Amino acid sequence: MLAVSLPALILTLVCAAGFAASDYFRKAASSHFPPVLLLTLFLVGEVPLLGAWVAYTGSLTVLDGYWPLGVVTAAAGILANLFFLMALRVSSLSLTVPVLGLVPVITTVFAAVALDEIPTMQQGVGIALAVIGLMTLYLPAENPNPITVFKRFATDKGARYMLLVAVLWSATAPLDKASMALSSPESHGFIQVCMMSVVLIGYLAATQRRSLAIARAGITPAALASIAAGVAYAAQLVAYQLTLIGVVESLKRVIGLLSAVLLGRIFLGEPLTTPKLIGIGFMVVGVPLIILPPLL
């Protein structure tokens, strides 16, 4: 039977809720800033928060071998977050965020192909439910024909961008875990946001010849997105050390799926269709079956 300590459970819930809130605030801010500028503001806003964590613990531990792994993790993080913001900018919250339910599917398929790790029966059922759920989610309510699902997904820029995010993020959890074997969680988190911030500031300085316009209306959601993500990221890194990655990722994805639909409906007026509810239901059951160890 899978046992999870109370601190690990609390941190995982904080992580999941924080990322869910950050998704919504990034969506709200995405119409006010171009993606690169928003990502820069988002990451720079996390630097003081994670820096305060380092100062509080008094630990900035980095062992030999960290930097190559850390640089790869940061590069994947920049690309994934950039595509994430591009997806939110062009499509709805309730259709784009659920695509991230494919992260464990991609990870499991990659392990089967590259490492000859054959999925278990439980994982196979989970993969089937997750894929069926995503297909159902994209099923138009006015024309419930399965063929239209592929056409809708293929023509939705947000879905395509988020699929790239899923591919990149399928590697970030193990990269974070490996990086923290060579550093403390607070050191890794702080170094990551600093490296990504420096790269993006340098890019903007090199490519933007005119002063960047900061839309006042977007400052508040951008700041809230940054704070929520900073807290969530810190909670996630500590939770990784207290319990299985699968536990953290399962709860994070499930809450993310549900919140994307609910927040999209309540605050953004996105339609809550029957296919969308059925699709999310399939994914909420399927995703944990892929990630968690055998339940029976």
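Source: prediction; values computed, not measured. We're numbering straight along the sequence, starting at 1.
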Give every donor-acceptor pair under 3.5 Å between a side-chain atom in residues 9-22 and any protein atom, sequence neighbours left out.
residue: T12; atom: OG1; partner: A8; partner atom: O; Å: 2.7
residue: S22; atom: OG; partner: R26; partner atom: NE; Å: 3.2
residue: S22; atom: OG; partner: A225; partner atom: O; Å: 3.0

Please tabulate, one pair per line, all N/O donor-acceptor pairs under 3.5 Å involving side-chain atoms of residues 33-41, not counting sequence neighbours.
residue: T40; atom: OG1; partner: V36; partner atom: O; Å: 2.8

Distance-only donor-acceptor hits, side chain of residues 250-260, under 3.5 Å, sequence neighbours excluded:
residue: S250; atom: OG; partner: G246; partner atom: O; Å: 2.7
residue: K252; atom: NZ; partner: Q236; partner atom: OE1; Å: 2.7
residue: K252; atom: NZ; partner: E249; partner atom: OE1; Å: 3.4
residue: K252; atom: NZ; partner: E249; partner atom: OE2; Å: 3.1
residue: S259; atom: OG; partner: I255; partner atom: O; Å: 2.9
residue: S259; atom: OG; partner: G256; partner atom: O; Å: 3.1

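F25 pairs by the ring pair (Phe, Tyr, Trp, His ring centres under 6.0 Å) definition with nothing, not counting sequence neighbours. With sequence neighbours excluded, no residue forms a salt bridge (charged side-chain N to carboxylate O under 4.0 Å, His left out) with K27. Not a single side-chain contact (heavy atoms from CB on, under 4.5 Å) links S31 to another residue, sequence neighbours left out. Every residue two or more places apart in sequence or in another chain that forms a side-chain hydrogen bond (donor to acceptor under 3.5 Å, both in side chains) with E186 is listed here: T57. Here Y161 pairs with nothing under the ring pair (Phe, Tyr, Trp, His ring centres under 6.0 Å) rule; sequence neighbours left out.
Between L163 and F83, the closest side-chain pair of non-hydrogen atoms is not below 4.5 Å. Side-chain contact between R89 and L85 is absent, with no heavy-atom pair separated by less than 4.5 Å.
The stretch residues 150-162 participates, sequence neighbours left out, in no salt bridge (Lys or Arg N to Asp or Glu O under 4.0 Å) pair at all. Sorted by first and then second residue, the side-chain hydrogen bond (donor to acceptor under 3.5 Å, both in side chains) pairs with a member in residues 267-279 read S94-E270, S94-K276; sequence neighbours excluded. The ring-ring contact (aromatic ring centres under 6.0 Å, His included) pairs that include a residue from residues 239-292 are Y24-F267, where partners are two or more places apart or lie in different chains. Sorted by first then second residue, the ring-ring contact (aromatic ring centres under 6.0 Å, His included) pairs that include residues 188-208, not counting sequence neighbours, are Y66-H188.
Distance alone, capped at 3.5 Å, is enough to place a donor-acceptor pair between the S226 side chain and the E46 backbone. A donor-acceptor pair under 3.5 Å links the side-chain atoms of S179 to the main chain of L175, judged by distance alone.
The shortest non-hydrogen separation linking V287 to A130 is CG2-CB, 4.4 Å. Closest non-hydrogen pair, A159 versus T96, comes out as N-CG2, 4.4 Å. In plain terms, the two heavy atoms of T61 and S187 that are nearest each other are N-OG, 2.7 Å.
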